[in-house]
K.L.:
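Mind looking over this structure? Questions follow.
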There are 4 protein chains.
Amino acid sequence: MSGAQREKHESILDAAFEVFGKKGFYDTKISDITEHAGIAKGTMYLYFKSKEELFAAVTRRDWETFLRELNYQIKHADGLRDKLQKVAKHHLEYYYERKAHTKLFFHAPNNDPELMQMMHGFLTRYMAAVREVLEESGMSDPDFYAKAYIGMLDRLKMDILFEGDFTREALEKRVQQTVRLFLQGIEKELSE
Amino acid sequence: MSGAQREKHESILDAAFEVFGKKGFYDTKISDITEHAGIAKGTMYLYFKSKEELFAAVTRRDWETFLRELNYQIKHADGLRDKLQKVAKHHLEYYYERKAHTKLFFHAPNNDPELMQMMHGFLTRYMAAVREVLEESGMSDPDFYAKAYIGMLDRLKMDILFEGDFTREALEKRVQQTVRLFLQGIEKELSE
Amino acid sequence: MSGAQREKHESILDAAFEVFGKKGFYDTKISDITEHAGIAKGTMYLYFKSKEELFAAVTRRDWETFLRELNYQIKHADGLRDKLQKVAKHHLEYYYERKAHTKLFFHAPNNDPELMQMMHGFLTRYMAAVREVLEESGMSDPDFYAKAYIGMLDRLKMDILFEGDFTREALEKRVQQTVRLFLQGIEKELSE
Amino acid sequence: MSGAQREKHESILDAAFEVFGKKGFYDTKISDITEHAGIAKGTMYLYFKSKEELFAAVTRRDWETFLRELNYQIKHADGLRDKLQKVAKHHLEYYYERKAHTKLFFHAPNNDPELMQMMHGFLTRYMAAVREVLEESGMSDPDFYAKAYIGMLDRLKMDILFEGDFTREALEKRVQQTVRLFLQGIEKELSE
DNA sequence: AATGAATGAGCATTCATTCAT
DNA sequence: GATGAATGAATGCTCATTCAT
């Protein structure tokens, strides 16, 4: 793929992110996306096999970015508390930045097994990253605790997405609260 | 509505629960449901305004049951630990019993604002019930903690729904772990 | 199927015969046919599974009529010469009456194995009917002669279909010539 | 056109013959042909105006070869019987050699008037060649007899094309039978 | 009340053809 | 001359909903 093609590939993904995120998978027409990208309808099919695959590609790019940055944050944090804090902040800020594109998360195609598979893979990788942080601190059953931590964060994201006036300050407070709650909760499990 | 009508109303809901739960909203045809219920296609429209409304009614009935039982459990439990335990057990068992109907939760109609509204209402009532439990123990910011607790449980439900061999024993263990984690986590916030 | 339904079924076939015969399979839109029949597009699909199946049904009805009348003609004819004459007349008149619907024969769907199969079946039944006539006269290799006879007729039909001014008198003359040629040709094979 | 160009022109025709013959006009994509010919898609359009024209060119080349050889055979045959025999053999062998490319004959483009015109021209030239043979023998109405003869052969070709196990010996037998049938049939019309 | 035949809006995708390089 | 990326017209079919019976 040439440079120009890579650029077009990206610009289609950008347009698709925009439109899928605002209108949801089913209410988005291919022509909505291609018009937004300034290309002809058929051109999309030179880069993506189908509407489903395009949605999957948008999701994949977004998640890969999420996971890359997550790992970067964890790597450059010091100690358990700092790492958990970075995770929480990353999780909540990710959704904060996507407030205007909520339909990416709630209005995905319903019965695409490949997409389901892919999503599951991402969730697993997210969980694994958090589990590793906990393992380093010598916790037992780190799987369970990783899931619980992510679960808390994921519930809190709802307020961010659906309360129009959620501020960055409120977000920051949530981060602190969550870390505190979790750290106290696991205190006795830590091997020190 | 006469008794016979009420019965038919219920039997349509039963059929819809079954089919929506197995095939998801979009892959379910009205005729699938009416055939399952043993009635004519048009008859459904005498009882429900639309496919969306039927789905909403199925969801509503299920959630109302959930909340009714939740409140019953809380009312008949003693003390914070017991109440939290009952909540966790109820939440996880609810999904355990619906393992065969996962598409009710993941393949809902995408763009029905009324349904979104309704779901939001149920989540709020669920949260409120847990918040009350926490408030009774004199916690500050009980909203946050209620959400965190529910978030943990909701993440754990995924394993129940998608791990085919999840047992009731494993479920029970999750309940204990979650309660323990949470209670330790909030220990210092408790006013006693 | 009720009487009214049977009538609608027939009227769709009539419309399809008309439009397919004039424009050919590929240049006919479903809406052309349903408009011609005075019904909605979806209604066609209550009676026929697909465009291909509708075309097959049109063809089937036409061929069944052809074969029914053929057998009737043969049954009510006396002796070999008369029977061959009736066959020739029937074959050529059939196409004469369908001069305005030539595309039924030349612009059929190209890759429908079921249709190919069906057509093959009809040709076989036609051949079998002629073969029987020859067998009664004690000919050897009646298969070959039946095919040769039908072949002559089928080539002659082309003039009928594509020469605009072909008259019934010319047709009648062709019948006589063909019978004469064929009878002389097989004279020595006859067992008398 | 240079030599190299002529070669490419031919190689496109070869590829088109191959692919059209195997998959039929509608199921063949231009890219199928150009890939088979080892050239880029656009290049085809430097040599042929359209897909239809390419198909017509393939057909034309094939028919011209057919007619050239036919005339050669007729010219080098002696007497009516020999000439008719050569015609029959040529006709049936032509299809025998194209058993693997039947779709050239049955899955042609449906609504190309120019192609129809061309095909008609070839049929006429074929007919004329046979008619001349008959005329030399002083027959009356040679047109009719030429068509009848070709008709017989054309019906017999079907068996060759669609019966997988048709042998050259069976073909030879058909030739003999056809000539015999026809010669006896026209015996009395011959002026000698 | 119950039926089920009829309706018709809605949309992803293909592929022959073009034309800038 | 050769390329191949871009174009965009064109259409069969589904299925929620209606309404005459």
K.L.:
Which pair of heavy atoms, one from C/M44 and one from C/I39, lies closest together, and at what distance?
P.N.:
N-CD1, 4.2 Å
K.L.:
What is the nucleic acid contact for B/K49, judged by heavy atoms within less than 4.0 Å: base, sugar-phosphate only, or nothing?
P.N.:
nothing
K.L.:
Using heavy atoms to find the nearest nucleotide of DNA chain E for B/G42 and C/G42 separately, return the residue whose nucleotide is more 5′.
P.N.:
B/G42
K.L.:
Starting at CZ of D/F25 and ending at C1' of E/dC15, how long is that distance when rounded to a whole Å?
P.N.:
12 Å
K.L.:
Using whole Å, what does the distance between atom C1' of nucleotide E/dC11 and atom CE of A/M44 come to?
P.N.:
12 Å
K.L.:
Find the distance B/Y45:OH to E/dT3:P and express it as a whole number of Å.
P.N.:
15 Å
K.L.:
What residues from residues 31-41 of chain C pass a heavy-atom cutoff of under 4.0 Å to DNA chain E?
P.N.:
C/I39, C/A40, C/K41
K.L.:
Going 5' to 3' along DNA chain F, which are the first and last nucleotides with any atom under 4.0 Å from a heavy atom of chain C?
P.N.:
F/dT11 to F/dT14
K.L.:
Between E/dT7 atom C1' and C/I30 atom CD1, what is the distance in whole Å?
P.N.:
16 Å
K.L.:
Taking C/A37's backbone N and O only, do any of them form a donor-acceptor pair with C/K8's side chain (distance below 3.5 Å, no angle check)?
P.N.:
no
K.L.:
Any donor-acceptor pair under 3.5 Å linking the side chain of A/D32 with the backbone of A/K29?
P.N.:
yes
K.L.:
Can you give me the closest heavy-atom contact between C/L54 and C/I33, atom names plus distance?
P.N.:
CD2-CD1, 3.8 Å
K.L.:
Should stems be defined as at least three consecutive Watson-Crick or G-U pairs with both distances under 3.5 angstrom, which of them involve DNA chain F?
P.N.:
E:2-21 with F:2-21
K.L.:
Identify whether any heavy atom of B/L46 sits under 4.0 Å from a base atom; if not, whether one sits that close to sugar-phosphate; answer base, sugar-phosphate or nothing.
P.N.:
base
K.L.:
Do the side chains of B/K22 and B/D27 get close enough for a salt bridge, i.e. N-O under 4.0 angstrom?
P.N.:
no
K.L.:
Please check if the distance between the ring centroids of D/Y26 and C/Y26 is under 6.0 Å.
P.N.:
yes
K.L.:
Map A/K8 and B/E52 onto DNA chain F by nearest heavy atom, then report which one ends up closer to the 5' terminus.
P.N.:
A/K8
K.L.:
Kindly assign one of parallel, tilted or perpendicular to the pair B/F105 and B/Y94, based on the angle between their ring planes and the thresholds 30° and 60°.
P.N.:
tilted
K.L.:
Using a strict 4.0 Å threshold on nitrogen-to-oxygen distance, state whether B/E64 and B/R125 make a salt bridge.
P.N.:
yes
K.L.:
Check the angle between the aromatic planes of A/F106 and A/F162 and answer parallel, tilted or perpendicular using the 30° and 60° thresholds.
P.N.:
tilted
K.L.:
Can you name the closest pair of heavy atoms from C/K99 and C/L161 and give their distance?
P.N.:
CA-CD2, 4.1 Å
K.L.:
May I ask you to check whether A/H101 and A/F20 place their ring centers less than 6.0 Å from one another?
P.N.:
no
